[in-house]
**Student:** 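I'd like to ask some things about the structure below.
The analysis underlying the following values was restricted to heavy atoms, covering all of them including side chains, and did not include hydrogens, waters or symmetry mates.
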Amino acid sequence: MPAFDRYAPTAFAQTPIQQIEQKGRELYQQGQFLEAIDNWQKVAQDYAKQEQFIRQAQTLNYISTAYQALGEWQAAKEAIA
C-alpha cells in the first residue's frame, strides 16, 4: 500500500479540495478503490483548473495506483498518460 500520509497536508490547513483528496486516501486504505478513484478524479480536475500541475500529477498517480490495486492495468497506464 502506498504511503499516502507522507504527502497529506495537515488537517487544520486543508482546503475543500484537499479534504476530498484526503477522503480518497481513506477510501483507498479501506479497500474502496472505485470510490477513491471517483474522489481523486474530481480532485485532479480541480487542480488542473487551478493550474496546480504538480498536485494534479500526484493525484493522477493515486488514481493509477488504485487501478493497479483493482488489476486494471490499462486504466492505470491511461491515468498517468
Side-chain angles (χ1 to χ4, degrees):
M1 179 179 328
F4 292 121
D5 292 335
R6 177 175 8 158
Y7 304 106
T10 56
F12 61 87
Q14 286 186 332
T15 65
I17 194 65
Q18 289 170 328
Q19 291 172 353
I20 297 170
E21 183 179 359
Q22 175 62 32
K23 179 65 175 173
R25 285 191 289 272
E26 292 168 5
L27 290 165
Y28 179 93
Q29 291 171 345
Q30 295 168 5
Q32 297 177 17
F33 304 119
L34 291 175
E35 293 85 350
I37 290 168
D38 286 342
N39 273 338
W40 289 330
Q41 285 174 335
K42 295 171 193 167
V43 171
Q45 290 171 356
D46 275 5
Y47 283 148
K49 289 177 189 174
Q50 297 172 14
E51 298 183 0
Q52 294 188 34
F53 301 119
I54 293 173
R55 288 183 182 217
Q56 179 192 19
Q58 179 182 2
T59 305
L60 293 173
N61 184 55
Y62 292 167
I63 293 169
S64 178
T65 302
Y67 277 125
Q68 290 174 40
L70 292 168
E72 295 187 26
W73 304 107
Q74 185 61 34
K77 182 179 176 181
E78 291 171 5
I80 55 174

**Student:** Looking only at heavy atoms, which two atoms of Ala69 and Tyr28 are closest? And how far apart?
**Tutor:**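 Smallest heavy-atom distance, with atoms named: CB-OH, 4.2 Å.
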**Student:** Given a cutoff of under 4.5 Å between side-chain heavy atoms of I, L, V, M, F, W and Y, with clusters grown through shared members, what are the other residues clustered with Tyr47?
**Tutor:** Ile17, Ile20, Val43
**Student:** Among Arg25, Glu26, Lys23, Glu21, find the one that has a side-chain contact (heavy atoms from CB on, under 4.5 Å) with Asn39.
**Tutor:**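 Only match with Asn39 under side-chain contact (heavy atoms from CB on, under 4.5 Å): Lys23.
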**Student:** Do Leu27 and Phe33 sit in the same hydrophobic cluster, where Ile, Leu, Val, Met, Phe, Trp and Tyr count as joined when their side-chain heavy atoms come under 4.5 Å apart?
**Tutor:** no
**Student:** For the residue pair Ala79 and Ile63, what are the closest heavy atoms and their distance?
**Tutor:**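 The answer is CB-CG2, 3.8 Å.
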**Student:** Hydrophobic clusters here meaning ILVMFWY residues chained together by side-chain heavy-atom distances under 4.5 Å, can you tell me if Ile80 and Trp73 are in one?
**Tutor:** no
**Student:** Do we see a donor-acceptor contact under 3.5 Å between the side chains of Gln74 and Glu78?
**Tutor:**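 Side chains of Gln74 and Glu78: pair found under 3.5 Å.
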**Student:** Do Gln58 and Arg55 have a side chain donor and acceptor closer than 3.5 Å?
**Tutor:** no
**Student:** Mind listing the closest non-hydrogen atom pair of Gln56 and Ala44 along with its distance?
**Tutor:**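 Where Gln56 meets Ala44 most closely, the heavy atoms are CG-O, 3.6 Å.
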**Student:** Rounded to the nearest 0.5 Å, what separates atom CG in Leu60 from atom OG1 in Thr65?
**Tutor:**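 Separation between the atoms: 10.5 Å.
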**Student:** Please report the closest heavy-atom contact between Ala76 and Ser64, naming both atoms and the distance.
**Tutor:** O-OG, 2.9 Å
**Student:** What are the two closest heavy atoms between Trp40 and Ala66, and how far apart are they?
**Tutor:** CZ3-CB, 4.0 Å
